[in-house]
Colleague: 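Below are the structure tokens for one structure; questions will follow.
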Amino acid sequence: MKKYDYLVVGSGLYGAVFAREAKKAGKSVLVIDKRPNIAGNVYTEDVEKIHVHKYGAHIFHTNNKKVWNYITQFAEFNRFTNSPVANYKGELYSLPFNMYTFNKMWGVVTPEEAEAKIEEQRKEITGEPKNLEEQAVSLVGRDIYEKLIKGYTEKQWGRDCTELPAFIIKRLPVRLTFDNNYFNAMYQGIPVGGYTKMVENLLDGIEICLNTEYLEHKEELDALAEKVVYTGPIDAYFEYKLGTLEYRSVRFETELLDKPNFQGNAAVNYTDRETPWTRIIEHKWFEFGKDSEGNDIPKTVISREYSSEWKLGDEPYYPVNDEKNGALYAEYKKLAEKEEKVIFGGRLGEYKYYDMDAVIASALELCEKELGIITG
């Protein structure tokens, strides 16, 4: 007899949601993680009463009421609205592109004037856009592209915009209003108490084993459970035998500063090519600069983000979903389908750029299929 019904590899959102529902359905579950902490990339750690987003900014947003109703069982969410600022060589612009942006860029005051200016600049591109640069100019015009898209995108992907496929920027939000809500989602916020606390609540009462590298102890760990839910990189599972899938990685330089305010906003994007980092996150503003008692916090924590090409040993963040990698993933997926006792899920297991709400939706879908339960 196996000791557990399910071994869940990875304690991020996908693994935690599945583990929770499996336990609720009466199944025995063991969750393992190679890191010394739970919560995967949404892990937050407390520094001077500030919940620091250790692996990059995570702002929960969704239009999916089922997902919202589900996740709010495990945390109360604050009313944070993502309103990033773009810094182009010291000039500050509003993101998303809205009337504040257009007024600063061109001095226009009315929506009609802004629309006319964008329309005039779009005409530069005729025919089907052949690359990201042409796609962006065809959507928002040359001025906005040059100042607010080009440098940031080239830093993020490590390639010139003329070498990147057009589909990366299928659409850009252009608002002829003064609405600064970047995501424009019905439900949005940050868990009060941080994401780690939320995942702790999801995993309440479930056996967890940290600092455990699944692929190094695969045989003995597999022997413990009837089935495995694997949320690690799919190519690593198969020992990269068909080749390595590509990712972009991110490096963070995090500092605790003895001052109450560094930049006055949670996120400032640096959109020129010369500044080496893509953005600076000031973590306290995700929770309005207050501690859990509502007091002002005298210090601040900032993180500079540097985008880089992923190599073995780095943390994989963004799948490079181009044709070449898509074709390689399709081959790995065929191998995965032959693994009768293993379910591959999540951002790395499915080689897919997932927002948090989509990860939860995907995990709930698996629960319904695998456990035969109705969720939500």
Colleague: Decide yes or no for Glu21 and Leu371: does some side-chain heavy atom of the first lie under 4.5 Å from some side-chain heavy atom of the second?
Modeller: yes
Colleague: Run the numbers on Ser11 and Asp33 for side-chain hydrogen bond (donor to acceptor under 3.5 Å, both in side chains), then give the verdict.
Modeller: CA-CA 6 Å; Ser11 64; Asp33 203 296; 2.7 Å; yes
Colleague: Treating His51 as the side-chain partner and Lys49 as the backbone partner, does any N or O pair qualify as donor plus acceptor under 3.5 Å?
Modeller: no
Colleague: Looking at Leu202, Thr62, Asn64, which hits side-chain contact (heavy atoms from CB on, under 4.5 Å) with Ile71?
Modeller: Leu202
Colleague: Quick check: do Ile190 and His53 have side-chain heavy atoms less than 4.5 Å from each other?
Modeller: yes
Colleague: Counting only heavy atoms from other residues, nucleotides and ligands, does the tally under 6.0 Å from CD of Glu115 exceed 12?
Modeller: no
Colleague: Kindly say whether Thr162 contributes a backbone atom to a donor-acceptor pair with the side chain of Asp160 at under 3.5 angstrom?
Modeller: no
Colleague: Closest approach of Trp106 and Ala114, non-hydrogen atoms and distance?
Modeller: CZ3-O, 4.3 Å
Colleague: Closer than 3.5 angstrom, by distance alone: can the side chain of Thr153 be matched with the main-chain N or O of Ile149 as a donor-acceptor pair?
Modeller: yes
Colleague: Can you check whether Tyr93 and Tyr88 have ring centres sitting under 6.0 Å from each other?
Modeller: no
Colleague: Less than 4.5 Å apart, side chain to side chain, heavy atoms only: is that true for Tyr351 and Val320?
Modeller: yes
Colleague: I'd like to check Thr44 versus Val52 (side-chain heavy atoms, cut-off strictly below 4.5 Å). Are they in contact?
Modeller: no
Colleague: May I ask you to decide whether Lys197 forms a salt bridge with Asp46, counting only side-chain N to carboxylate O separations under 4.0 Å?
Modeller: no
Colleague: Should we count CD of Glu340 as having more than 12 external heavy atoms under 6.0 Å?
Modeller: no
Colleague: Does the Lys NZ or Arg CZ of Arg20 fall within the cation-pi geometry relative to Phe74 - under 6.0 Å from the ring centre and within 45° of the axis?
Modeller: no
Colleague: Could Arg251 and Tyr306 be counted as a cation-pi pair, given that NZ or CZ must be under 6.0 Å from the ring centre and within 45° of the axis?
Modeller: yes
Colleague: Taking only Lys NZ, Arg NE, NH1 and NH2, and the carboxylate oxygens of Asp or Glu, determine whether Arg159 and Glu154 approach each other closer than 4.0 Å.
Modeller: no
Colleague: Measure from the side-chain N and O atoms of Asn63 to the backbone N and O of Met186, and report whether any donor-acceptor pair falls under 3.5 Å.
Modeller: yes
Colleague: Decide whether Leu7 and Phe238 are clustered together by the hydrophobic rule: side chain heavy atoms of Ile, Leu, Val, Met, Phe, Trp, Tyr closer than 4.5 Å, transitively.
Modeller: yes
Colleague: Between Asn325 and Pro319, is any pair of side-chain heavy atoms under 4.5 Å apart?
Modeller: no
Colleague: List the steps, then state whether side chain to side chain contact (heavy atoms under 4.5 Å, CB included) holds for Val109 with Asn103.
Modeller: CA-CA 6 Å; Val109 174; Asn103 174 263; 4.2 Å; yes
Colleague: Pair Glu48, Lys284 - check salt bridge (Lys or Arg N to Asp or Glu O under 4.0 Å), show working.
Modeller: CA-CA 10 Å; Glu48 299 280 343; Lys284 71 190 294 184; over 6 Å; no
Colleague: Hey, mind stepping through Glu331 and Lys241 against salt bridge (Lys or Arg N to Asp or Glu O under 4.0 Å) and telling me if it holds?
Modeller: CA-CA 11 Å; Glu331 292 306 308; Lys241 66 181 177 189; over 6 Å; no
Colleague: Report yes if the side chains of Ile343 and Val228 come closer than 4.5 Å at any heavy-atom pair, otherwise no.
Modeller: no
Colleague: Any chance CD of Glu239 has more than 12 other-residue heavy atoms, nucleotides or ligands included, within less than 6.0 Å?
Modeller: no
Colleague: Show the numbers, then the answer: is there a ring-ring contact (aromatic ring centres under 6.0 Å, His included) between Phe102 and Phe178?
Modeller: CA-CA 10 Å; Phe102 309 140; Phe178 290 90; 9.6 Å; no
Colleague: Checking the side chain of Thr271 only, and the main-chain atoms of Lys147 only, is there a donor and an acceptor separated by less than 3.5 Å?
Modeller: yes
Colleague: Do other residues, nucleotides or ligands put more than 12 heavy atoms under 6.0 Å from the NZ atom of Lys104?
Modeller: yes
Colleague: Spell out, yes or no, whether Leu364 and Val229 are grouped together once hydrophobic residues are joined by side-chain heavy atoms under 4.5 Å, including indirect joins.
Modeller: yes
Colleague: Which heavy-atom pair separates Asn265 from Pro84 by the least distance, and what is that distance?
Modeller: ND2-CA, 3.7 Å
Colleague: Output yes when a side-chain donor or acceptor of Arg279 lies under 3.5 Å from a complementary backbone atom of Glu305, and no otherwise.
Modeller: no
Colleague: So for atom NZ, which belongs to Lys2, do other residues, nucleotides or ligands contribute more than 12 heavy atoms lying within a distance under 6.0 Å?
Modeller: yes
Colleague: Any donor-acceptor pair under 3.5 Å linking the side chain of Lys155 with the backbone of Trp277?
Modeller: yes
Colleague: State, with a plain yes or no, whether a side-chain heavy atom of Leu257 is found less than 4.5 Å away from one of Lys299.
Modeller: no
Colleague: Any ion pair linking Arg79 and Glu287 (charged N to carboxylate O, less than 4.0 Å)?
Modeller: no
Colleague: Compute both the distance and the angle, then confirm whether Lys150 meets the cation-pi test with Tyr145: under 6.0 Å from the six-membered ring centre, within 45 degrees of the axis.
Modeller: no
Colleague: Please find out if less than 6.0 Å separates the ring center of Tyr214 from that of Tyr230.
Modeller: yes
Colleague: Quickly, which of Arg122, Lys123, Lys117, Gln121 forms a side chain to side chain donor-acceptor pair (under 3.5 Å) with Glu119? Name it, please.
Modeller: Arg122
Colleague: Quick test of your reading of the model: are Lys34 and Glu216 salt-bridged, counting only N-O distances below 4.0 Å?
Modeller: no
Colleague: Looking at Tyr187, Phe183, Phe77, which one forms a ring-ring contact (aromatic ring centres under 6.0 Å, His included) with His61?
Modeller: Phe183
Colleague: Applying salt bridge (charged side-chain N to carboxylate O under 4.0 Å, His left out) as the test, list every pair that has at least one member in residues 254-272; sequence neighbours left out.
Modeller: Glu255-Arg304
Colleague: So which atom in Val250 and which in Ser308 form the shortest heavy-atom distance, rounded to 0.1 Å?
Modeller: N-OG, 4.4 Å
Colleague: Does atom CD of Glu274 have more than 12 heavy-atom neighbours, drawn from other residues, nucleotides or ligands, at distances under 6.0 Å?
Modeller: yes
Colleague: Is the backbone N or O of Ala86 less than 3.5 Å from a side-chain atom of Asn269, with the two atoms forming a donor-acceptor pair by type?
Modeller: no
Colleague: Is the ring centre of Tyr332 less than 6.0 Å from the ring centre of Tyr240?
Modeller: no
Colleague: Do Phe18 and Tyr6 have ring centres separated by under 6.0 Å?
Modeller: yes
Colleague: Assess whether side chain to side chain contact (heavy atoms under 4.5 Å, CB included) is satisfied between Ile234 and Leu348, documenting all intermediate values.
Modeller: CA-CA 6 Å; Ile234 190 169; Leu348 302 178; over 6 Å; no
Colleague: Counting C-beta onward and ignoring hydrogens, is there a side-chain heavy-atom pair between Ile302 and Ile281 closer than 4.5 Å?
Modeller: no
Colleague: Check the surroundings of atom NZ in Lys65: do more than 12 heavy atoms from other residues, nucleotides or ligands lie under 6.0 Å from it?
Modeller: no
Colleague: Test side chain to side chain contact (heavy atoms under 4.5 Å, CB included) on Tyr195 and Met356 and set out the steps.
Modeller: CA-CA 11 Å; Tyr195 282 99; Met356 287 181 283; 3.5 Å; yes
Colleague: Determine, stepwise, if the pair Thr212 / His217 fulfils side-chain hydrogen bond (donor to acceptor under 3.5 Å, both in side chains).
Modeller: CA-CA 8 Å; Thr212 303; His217 307 282; over 6 Å; no
Colleague: So, the side chain of Trp310 versus the backbone of Asp314: is there a donor-acceptor pair under 3.5 Å, distance only?
Modeller: yes
Colleague: Where the side chain of Thr300 meets the backbone of Asn261, is there a donor-acceptor pair that is under 3.5 Å apart?
Modeller: no
Colleague: Heavy-atom count around Tyr182 OH within 6.0 Å, excluding the residue itself: above 12?
Modeller: no
Colleague: Taking Lys227 first and then Asp5, would you say they form a salt bridge - that is, a charged N and a carboxylate O separated by under 4.0 Å?
Modeller: no
